[in-house]
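Worksheet: the structure to be examined is printed underneath.
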Number of protein chains: 2
Amino acid sequence: MPRTRDLPLLKPEGDWCCPPLTERRLTAEEAERTAVMFKALGDPVRLRLFSAVASHQGGEACVCDISDVGVSQPTVSHHLKKLREAGLLSSERRGTWVYYRVEPAALAAMGALLTQAAAT
Amino acid sequence: MPRTRDLPLLKPEGDWCCPPLTERRLTAEEAERTAVMFKALGDPVRLRLFSAVASHQGGEACVCDISDVGVSQPTVSHHLKKLREAGLLSSERRGTWVYYRVEPAALAAMGALLTQAAAT
DNA sequence: CACTTGATTCGACGTACGTCAACATAGACA
DNA sequence: TGTCTATGTTGACGTACGTCGAATCAAGTG
């Protein structure tokens, strides 16, 4: 498989959820919604799990591929659930294993929220 | 003051702290360091405070400008301290008031971490 | 100096979170 | 059917977190 980017690059617009942090003050609801995503990445173990999925070849990884994070297996499952509930990961069972992959939209939204704010 | 961008635009490289989430798995230390920043934005009140500072004219705001977030003033101070400790804000006292401004480097680092990961 | 306003620190409270061991569930295979 | 492996769920425990009131500090004003 070529490592070229022949797939539809997603537009860097971030209004999937919220405007850039510099545009205006977030409302209470916007902040509530956005905070869930940031909080999901606000734990070292979840961050490592997320980067393990994101950096795995094919863009997806089964739990068995990424469970070596230094915590027990139930804890891994717990954190993956959190990431899924935050909309950052999606899971799918295929036979024996459960595969996780990153949700590009959420990732792009968070990125736009920050990068467009950095140009102040 | 002109609102043109005549100031040194910071390079969108994000190795200020960590590689993009897709490049490789984060080490425990990298995850620990990065999680602090994400956790800082993982609270609705802090998110609103941060966006209030970021969207304020001149790129800075005194505490009195942004204290209307629905929590007591000590709580506001507590959250601003958290954001400062995470490297996302810097503060400076000028006379009676304390002014907060966003730390562009940290913001850019987080943004790069995510946007460069979204191009998988 | 005392007094007022802005901001941080302190001490306490309740809740949420991360973690684990034990148990439960799902699929593969004999 | 039963057993084995891979994940998810439950219940419990300790710690960290968000919140507040009260006390404290900082700077301006009379």
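Excluded from the calculations below are hydrogen atoms, water molecules and symmetry mates; all remaining heavy atoms, backbone and side chain alike, are included. Lettering of chains follows the sequences in order, A, B, ..., and the numbering in each one begins at 1.
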*Rounded distance (Å) that lies between atom P of C:dC17 and atom NE2 of A:H78*: 8 Å

*Take atom CG of B:L80 and atom P of C:dT8, then tell me their distance rounded to the nearest Å.*
6 Å

*Write down the distance between NZ (B:K82) and P (C:dT8), rounded to a whole number of angstrom.*
15 Å

_Expressed as a whole number of angstroms, how long is the span from B:F38:CZ to C:dG18:P?_
15 Å

*Tell whether A:Q73 reaches the base of D:dG8 with its side chain through a donor-acceptor pair below 3.5 angstrom.*
yes

*At under 4.0 Å between heavy atoms, what does B:T75 touch on the DNA or RNA strands: base, sugar-phosphate, or nothing?*
base

*Once you round it to whole Å, what is the distance between C1' of D:dA26 and CH2 of B:W97?*
13 Å

*asked:* Does B:H79 reach a base, just sugar-phosphate, or nothing at all? Heavy atoms under 4.0 Å.
replied: sugar-phosphate

_Using a 4.0 Å heavy-atom cut-off, does A:V45 contact any base of the nucleic acid, only the sugar-phosphate backbone, or nothing at all?_
sugar-phosphate

*Base, sugar-phosphate alone, or nothing: which one does A:R84 contact when heavy atoms must sit under 4.0 Å apart?*
nothing

*Roughly how many Å is it from CZ in B:R93 to P in C:dT8, rounded to a whole number?*
7 Å

*asked:* What contact category does A:Y99 fall into here, base, sugar-phosphate, or nothing, at under 4.0 angstrom with non-hydrogen atoms?
replied: nothing

*Check whether any side-chain N or O of B:R46 sits under 3.5 Å from a backbone N or O of B:K39 as a donor-acceptor pair, and report yes or no.*
yes

